[in-house]
Protein chains: 2
Amino acid sequence: MRKRPTLKDIARATGVHPSTVSRALDASARSSLSEEVVERVREAARTLGYRPNRVAFSLRKQKTMTVGVMIPDITNMIFPPIVRGIESVMEAAGYASILVNTDSQPRREQRLVEILQERGVDGIIHTAVLRSDPGIVEAARQGLPVVTLNRRIEETNIPYVINDEEDGIRLVFDLLRRQGHRRIAHLAGPAELSTGRLRLNAFQAMVDAAGLGPGDTVITEAERFDEEEGRRCAAEIHARAPGTTAVLCANDRLALGAMSFFQSVGRSCPKDISITGFNDMPLLELIPPGLTTVRIQQFEAGAIAARLLLSLIERPDESVPQATILPVGLVERGTVAPPALA
Amino acid sequence: MRKRPTLKDIARATGVHPSTVSRALDASARSSLSEEVVERVREAARTLGYRPNRVAFSLRKQKTMTVGVMIPDITNMIFPPIVRGIESVMEAAGYASILVNTDSQPRREQRLVEILQERGVDGIIHTAVLRSDPGIVEAARQGLPVVTLNRRIEETNIPYVINDEEDGIRLVFDLLRRQGHRRIAHLAGPAELSTGRLRLNAFQAMVDAAGLGPGDTVITEAERFDEEEGRRCAAEIHARAPGTTAVLCANDRLALGAMSFFQSVGRSCPKDISITGFNDMPLLELIPPGLTTVRIQQFEAGAIAARLLLSLIERPDESVPQATILPVGLVERGTVAPPALA
DNA sequence: TTGAAAGCGCTAACAA
DNA sequence: TTGTTAGCGCTTTCAA
């Protein structure tokens with residue numbers, strides 16, 4: 001690559017000292033210089049096509065203006081909007097984002113945290129934490145600004161931004177109850193993820209509050225949030241509790257898998273079985289009969305997490321809220337109907 | 001952040017010179033040292049929790065081990081798999097990726113190229129170029145390794161990886177012809193994108209080769225590759241050429257929009273109108289009646305582009321192929337049927 | 001208002 | 001085999 005001009009080159013061209021050039025180009029130091037020098041320097045910078053070297057800047061200032069963004073898998077469609085939300089505020093603040101996919105593998109996640117630290121990121125937004133996650137906790141303990149998004153780590157004071165999981169579950173549960181369902185199954189997410197756990201807890205609380213008995217509900221736990229696990233768990237529900245009239249799923253992909261399973265065994269949705277999801281991922285509205293689900297904020301959640309991280313980085317003594325819980329909404333489409341009369 | 005240990009700290013701990021520590025920790029320089037020193041140094045590095053500082057490394061070596069990945073918009077579902085393909089090879093080679101979204105805005109794209117250059121990226125993979133794109137061309141001319149993906153820039157020697165657009169169009173066109181269609185419309189993509197242009201050219205060539213007359217085909221050009229433009233252009237086709245029995249769309253999102261339009265005016269697909277797409281984006285198979293489309297390689301395309309870029313960066317005198325054209329395949333689903341008898 | 005000098009953490013040419 | 005030294009491009013303290 002052709003060598004880019006440096007401060008030294010500008011200094012030579014204008015006959016001033018490199019440090020003077022540095023000052024002339026820095027808005028906050030500019031004030032202490034004569035207008036004439038500032039103008040000459042800026043002019044020279046322009047004609048030489050000067051671009052500051054951020055690597056040198058970073059080494060000197062111990063600040064890379066870069067953040068790490070950790071997600072489980074960008075091909076999972078709920079993450080792209082979140083990432084855009086993060087970048088919309090980071091980019092505006094002059095930060096670049098290094099995006100990494102953990103594939104939900106703890107060892108890989110751990111390694112990626114180290115890689116990001118080697119690269120000197122100023123902070124990390126982490127959407128892929130496990131409920132217990134020593135690697136990132138240790139990094140945060142050493143002073144690295146971290147905020148978790150979508151999920152939280154238990155027993156730490158790392159700030160987190162999550163959805164109101166409890167309210168979301170309440171919304172779909174109440175809908176099912178109003179339609180007359182009593183034999184409601186929960187297709188739960190992985191227990192090691194806070195989303196899976198919180199939604200399960202909320203489901204159980206709703207069941208208790210509704211006075212449903214143990215014979216009415218069955219719970220299966222998926223190992224991953226994907227369609228295949230949705231099918232597998234739906235099959236289990238079908239086998240263990242054939243009288244189930246509604247399946248409340250911990251997320252949309254599990255619900256899609258469940259829909260596919262019930263269709264394959266000839267139980268039509270919503271006539272024979274009602275199904276609900278969580279997240280309202282893109283394109284869902286085009287898949288018949290239209291999954292009834294819980295809408296979460298995606299872009300906005302990313303933006304909020306990014307603002308929190310910026311605050312941690314740039315104003316370390318200002319305190320930020322430890323918990324940010326975003327409101328959710330019910331999206332009624334076609335997968336819920338009253339139970340068929342037995 | 002707690003200060004991380006440096007080479008100097010290890011040097012102090014072991015009683016050798018920092019440069020010796022550097023050599024001991026560098027596999028390729030290690031051979032010139034005594035085993036005893038190497039062991040002592042590595043041991044100290046381990047106990048101190050030493051992590052190399054890549055910023056200092058970058059400044060010294062003039063190499064950041066970072067590449068820029070430019071895409072139009074990560075929320076467009078065909079890009080996440082491409083990005084994963086890129087990262088799978090970049091990460092394995094020790095490179096980090098800075099992902100930026102251009103939103104298809106030339107000025108924004110231009111600015112992002114400059115930002116990436118300030119950050120000293122070792123190369124750029126660009127999936128968002130326009131057919132004419134002076135900013136990135138100039139950067140490449142100055143010696144920055146660049147490869148374009150999915151799209152190409154005309155009149156440059158920047159290596160590119162694209163799909164076999166011509167063959168893809170041939171596949172769907174032939175299918176429509178075999179089913180007996182004659183009045184075929186093309187819902188074209190934006191002319192300033194090579195994908196839009198190449199697919200349009202291919203369509204016209206097929207029309208000519210098939211001996212269809214000007215009365216048989218109508219072409220409308222979308223301004224963006226999205227559902228809304230698909231609906232608008234489908235409406236235009238419907239108005240200008242109501243006798244059209246098939247619409248060959250330049251990509252899946254346009255096709256989805258067209259499907260939505262024709263449904264809204266009561267023309268059922270595929271009974272009254274056949275529709276085809278391009279890309280085979282995720283989830284398409286779940287949307288009835290199932291879009292017949294052209295499958296492109298996504299993950300693999302990213303991986304190939306990344307390998308090309310790596311070659312440009314690490315072996316600058318080895319030559320790389322200027323054009324890589326990936327094979328495509330036909331995916332037959334439910335949106336194509338013989339034309340209704342008039 | 002400007003210059004001189006040091007140093008961020010690392011690598012590499014040269015010397016010993 | 002190891003140490004010395006310089007320097008990547010920048011910011012910032014101190015002096016003038």
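Naming: A, B, ... by sequence-line order, numbering from 1 per chain. Atom set for the values below is all heavy atoms of this structure, side chains included, hydrogens, waters and symmetry mates excluded. Worth saying up front: this structure is predicted, and the values here are computed from it rather than measured.
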Return the value, rounded to whole Å, for the distance between atom [atom1] of [X] and atom [atom2] of [N].
X	N	atom1	atom2	answer
Glu118(B)	dG9(D)	CD	P	15 Å
Asp9(B)	dC8(C)	CG	P	11 Å
Lys8(A)	dA5(C)	NZ	P	14 Å
Arg4(B)	dC8(C)	CZ	C1'	13 Å
Leu59(B)	dG7(C)	CG	C1'	12 Å
Asn53(A)	dC8(C)	CG	P	18 Å

If only side-chain N and O atoms of [X] are considered, is one of them under 4.0 Å from the OP1 or OP2 phosphate oxygen of [N]?
X	N	value
Thr20(A)	dG3(C)	yes
Lys63(B)	dC8(D)	no
His17(A)	dA4(C)	yes
Tyr50(B)	dG9(C)	no

Near DNA chain D, under 4.0 Å by heavy atom, which residues of residues 24-47 of chain A?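 Output list: empty, so none.
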[X] side-chain proximity, nearest of [options]:
X	options	result
Leu7(A)	dG9(D), dA6(D), dC10(D)	dC10(D)
Ala56(A)	dG3(D), dT11(C), dG9(D)	dG9(D)
Gln62(B)	dC8(C), dT4(D), dC8(D)	dC8(D)
Arg60(B)	dT11(C), dG3(C), dG9(C)	dT11(C)
Phe57(B)	dC10(C), dG3(C), dG3(D)	dC10(C)

Do the non-hydrogen side-chain atoms of [X] and [Y] ever get within less than 4.5 Å of each other?
X	Y	answer
Arg141(B)	Glu138(B)	yes
Gln117(B)	Gln142(B)	yes
Val37(A)	Val41(A)	yes
Val137(A)	Ile153(A)	yes

Looking at CD1 of Ile158(B) and CZ of Arg152(B), how far apart are the two atoms once the value is rounded to the nearest 0.5 Å?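 Spacing of CD1 (Ile158(B)) from CZ (Arg152(B)) equals 11.0 Å.
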What distance do Arg54(A) atom CZ and Thr64(A) atom OG1 have between them, rounded to the nearest 0.5 Å?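 Going from the CZ atom of Arg54(A) to the OG1 atom of Thr64(A) covers 10.0 Å.
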Just by modelled atom types, is the Gln105(B) backbone N or O under 3.5 Å from a matching donor or acceptor in the Thr102(B) side chain?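 No.
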Quick check: on DNA chain D, is the nucleotide nearest Ser22(A) upstream (toward 5') of the one nearest Val16(B), or the reverse? Name the residue that is more 5'.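 Looking at DNA chain D, the more 5' nearest nucleotide goes with Val16(B).
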Which pairs would a plain distance check flag for residues 78-86 of chain B, meaning a side-chain donor or acceptor within less than 3.5 Å of a matching protein atom at least two apart in sequence or in another chain?
| unit_1 | atom_1 | unit_2 | atom_2 | d |
| --- | --- | --- | --- | --- |
| Arg84(B) | NH1 | Asp73(A) | OD1 | 2.9 |
| Arg84(B) | NH1 | Asp103(A) | OD1 | 2.8 |
| Arg84(B) | NH2 | Asp103(A) | OD1 | 3.4 |
| Arg84(B) | NH2 | Asp103(A) | OD2 | 3.0 |

Please list each protein N or O that sits under 3.5 Å from an N or O in nucleotides 13-16 of chain C, with the distance.
| unit_1 | atom_1 | unit_2 | atom_2 | d |
| --- | --- | --- | --- | --- |
| dA13(C) | N6 | Arg23(B) | NH1 | 3.3 |

Take Asp26(B) and Arg23(B) through the test salt bridge (charged side-chain N to carboxylate O under 4.0 Å, His left out) and record every step on the way to the result. CA-CA 5 Å; Asp26(B) 174 4; Arg23(B) 287 187 273 251; over 6 Å; no
Tell me whether Arg315(A) at atom CZ has more than 12 heavy atoms from other residues, nucleotides or ligands lying less than 6.0 Å away.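 Buried by this count: over 12 neighbours within 6.0 Å.
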